[in-house]
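In this text the structure is predicted, and so the values were computed from the model without any measurement. Lettering follows sequence order; numbering is per chain, from 1.
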Number of protein chains: 2
Amino acid sequence: MLVEPPISAGESLQIANLEIRPTELQVLADGRRAGFTVREFELFFLLAKRLDSVVQRPEIYALMWGGDMQRRDRSVDVLVRKVRGKLEVVAPGWRYIHTHFGIGYRFTPEQDQ
Amino acid sequence: MLVEPPISAGESLQIANLEIRPTELQVLADGRRAGFTVREFELFFLLAKRLDSVVQRPEIYALMWGGDMQRRDRSVDVLVRKVRGKLEVVAPGWRYIHTHFGIGYRFTPEQDQ
DNA sequence: CCTCTTCTTAACCGGATTTTCTCCAGATCG
DNA sequence: CGATCTGGAGAAAATCCGGTTAAGAAGAGG
């Protein structure tokens, strides 16, 4: 019986129209490079690894910055906006990061209409 | 492709046709997201944790808002109504929150007819 | 030292959420 | 039956949260 080896972090992952190369910190949408910075990729990958799950804002903050998030801290959503912006450029008509008001964000690729 | 299992055992509860994810503040009925707000989820979860038990209104009030409930306070049933409404959308034909007149509410999933 | 890029912080604003209010039908009880 | 009480329903008012933009640090490279 043939058993496929588990995906190692070094290989590229495919989610919807996205190719993710963790070792290169690169994301390609239909072959077009998103051009994420390091921090942007970290946020993107953190959410993408937990596909279809809502990740709470304070948890995102703790994982990305460490410590507790102040009530009115905008760090998370400013970064989310940049990731969204770059994804929009290379994958117009797609939506990936969904806001759950008062809770956090969920990564689920969806095509408009 | 699935990168990681989104949910590990123990982070998700199943009651009737509902999947409850406490860490995400999410409830799914047959895979459809209820879309509760934070407060709505809190009320839902409070009742669901006490399946088949009647929870008295003053106790619900104390747990959700703290302190004693004024005689004519509508906070509890306004929230109950919103939770019922969102459950109705994703699970038509089901009834979950039952009113016990003069006492409180009981969470018991039931299918119509 | 200068420029460019990236990351963080701050402020404003619109909209979503939560709370509060009012009206009303149905239940309870004498 | 009549009076009173409870919860359903809708919506206004108040509060909270996230999107957006821009400016201020921090760092790299020339």
Side-chain angles (χ1 to χ4, degrees), chain A residues 24-27 33-47 54-89 95-108, chain B residues 24-27 33-47 54-89 94-108 112:
Chain A
E24 301 180 29
L25 306 187
Q26 295 295 306
V27 176
R33 206 170 288 272
F36 288 143
T37 67
V38 176
R39 297 296 270 164
E40 288 161 1
F41 180 85
E42 285 173 1
L43 175 66
F44 169 88
F45 196 47
L46 153 56
L47 294 175
V54 178
V55 185
Q56 297 195 232
R57 291 166 60 89
E59 181 178 357
I60 295 173
Y61 187 88
L63 291 169
M64 293 277 307
W65 284 270
D68 293 333
M69 186 180 71
Q70 324 285 38
R71 179 163 295 272
R72 304 205 178 274
D73 198 301
R74 297 255 147 290
S75 307
V76 174
D77 47 274
V78 167
L79 201 49
V80 166
R81 170 174 157 68
K82 291 181 176 174
V83 172
R84 280 174 168 161
K86 291 191 176 178
L87 287 172
E88 177 64 25
V89 170
R95 291 164 56 239
Y96 301 97
I97 300 177
H98 306 264
T99 303
H100 285 258
F101 202 95
I103 306 175
Y105 297 94
R106 168 176 54 89
F107 185 88
T108 302
Chain B
E24 298 184 31
L25 278 59
Q26 296 293 302
V27 175
R33 216 170 276 276
F36 288 142
T37 67
V38 176
R39 297 297 269 166
E40 288 161 2
F41 179 85
E42 286 173 0
L43 175 67
F44 169 90
F45 196 46
L46 154 57
L47 294 175
V54 178
V55 184
Q56 298 196 17
R57 291 167 60 87
E59 181 178 357
I60 295 173
Y61 187 88
L63 290 169
M64 292 278 306
W65 284 271
D68 293 335
M69 185 178 72
Q70 268 91 330
R71 180 165 297 271
R72 304 210 175 268
D73 198 303
R74 330 289 306 112
S75 304
V76 174
D77 47 273
V78 166
L79 206 45
V80 166
R81 176 171 171 276
K82 290 182 176 173
V83 171
R84 280 174 167 160
K86 290 191 176 178
L87 287 172
E88 176 64 24
V89 169
W94 284 82
R95 292 163 56 240
Y96 300 97
I97 300 177
H98 306 266
T99 303
H100 285 256
F101 199 93
I103 307 175
Y105 297 94
R106 168 178 53 89
F107 185 89
T108 303
D112 289 346

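In this structure, B:Arg57 reaches the D:dG7 phosphate: one of its side-chain N or O atoms is under 4.0 Å from OP1 or OP2. Residue B:Trp65 places at least one side-chain N or O under 4.0 Å from the OP1 or OP2 atom of C:dT19. Regarding contacts with the backbone of C:dC7, a side-chain N or O of A:Thr37 is found under 4.0 angstrom from either OP1 or OP2. At the phosphate of D:dG19, neither OP1 nor OP2 sits under 4.0 Å from any side-chain N or O atom of A:Arg81. For D:dG19, the OP1/OP2 oxygens have a side-chain nitrogen or oxygen of A:Thr99 closer than 4.0 Å. Distances shorter than 4.0 Å separate none of the side-chain N or O atoms of A:Tyr105 from OP1 or OP2 on D:dC17.
Residues passing the side-chain contact (heavy atoms from CB on, under 4.5 Å) test with A:His98 are A:Arg95, A:Arg106, A:Thr108, A:Glu110, sequence neighbours excluded.
One atom, CG of A:Asp73, and another, P of D:dC17, lie 13 Å apart when rounded to the nearest Å. Atom CD in A:Gln56 sits roughly 15 Å away from atom C1' in D:dC17 (whole-Å rounding). B:His100 has its NE2 atom 17 Å from the C1' atom of D:dG8, to the nearest Å. Residue B:Leu43 contributes atom CG, which lies 15 Å from atom C1' of C:dT19 at whole-angstrom precision. Between A:Ile103 atom CD1 and D:dG18 atom P there is a gap of 9 Å when expressed in whole angstrom units. The nearest whole Å value for the distance from the CD atom in A:Glu88 to the P atom in D:dT20 is 11 Å. Computed from coordinates, the A:Leu79 CG to D:dG18 P distance equals 15 Å when rounded to whole Å. The distance between atom OH of A:Tyr61 and atom C1' of D:dG18, rounded to the nearest whole Å, is 16 Å.
Annotation: A:Phe44 is in aromatic contact with A:Phe107 [ring centroid separation under 6.0 Å].
Along DNA chain C, the nucleotide closest to A:Gly102 and the one closest to A:Glu40 are compared, and the more 5′ of them pairs with A:Glu40. Place B:Lys82 and A:Arg84 on DNA chain D by their nearest nucleotides, and B:Lys82 ends up nearer the 5' end.
Within a 6.0 Å radius of CG in B:Asp68, other residues, nucleotides and ligands contribute 12 heavy atoms or fewer.
Residue A:Arg39 has its side chain nearest to C:dT8 when only C:dT8, C:dT18, D:dC5 are considered. The listed nucleotides are D:dG7, C:dG15, C:dT9; the one nearest the side chain of B:Phe101 is D:dG7. Taking every side-chain heavy atom of B:Asp77 into account, D:dG7 is the closest of C:dT18, D:dT6, D:dG7.
Residues A:Thr99 and A:Arg84 have side chains that bring a donor and an acceptor to within less than 3.5 angstrom of each other.
The base of D:dG19 sits with one of its N or O atoms less than 3.5 Å from a complementary donor or acceptor on the side chain of A:Arg74.
In plain terms, the two heavy atoms of B:Glu40 and B:Thr37 that are nearest each other are OE1-N, 2.8 Å.
A salt bridge is absent between B:Asp73 and B:Arg57; no separation between the charged side-chain nitrogens and carboxylate oxygens falls under 4.0 Å.
Counting non-hydrogen atoms under 4.0 angstrom, A:Val78 reaches a base of the nucleic acid.
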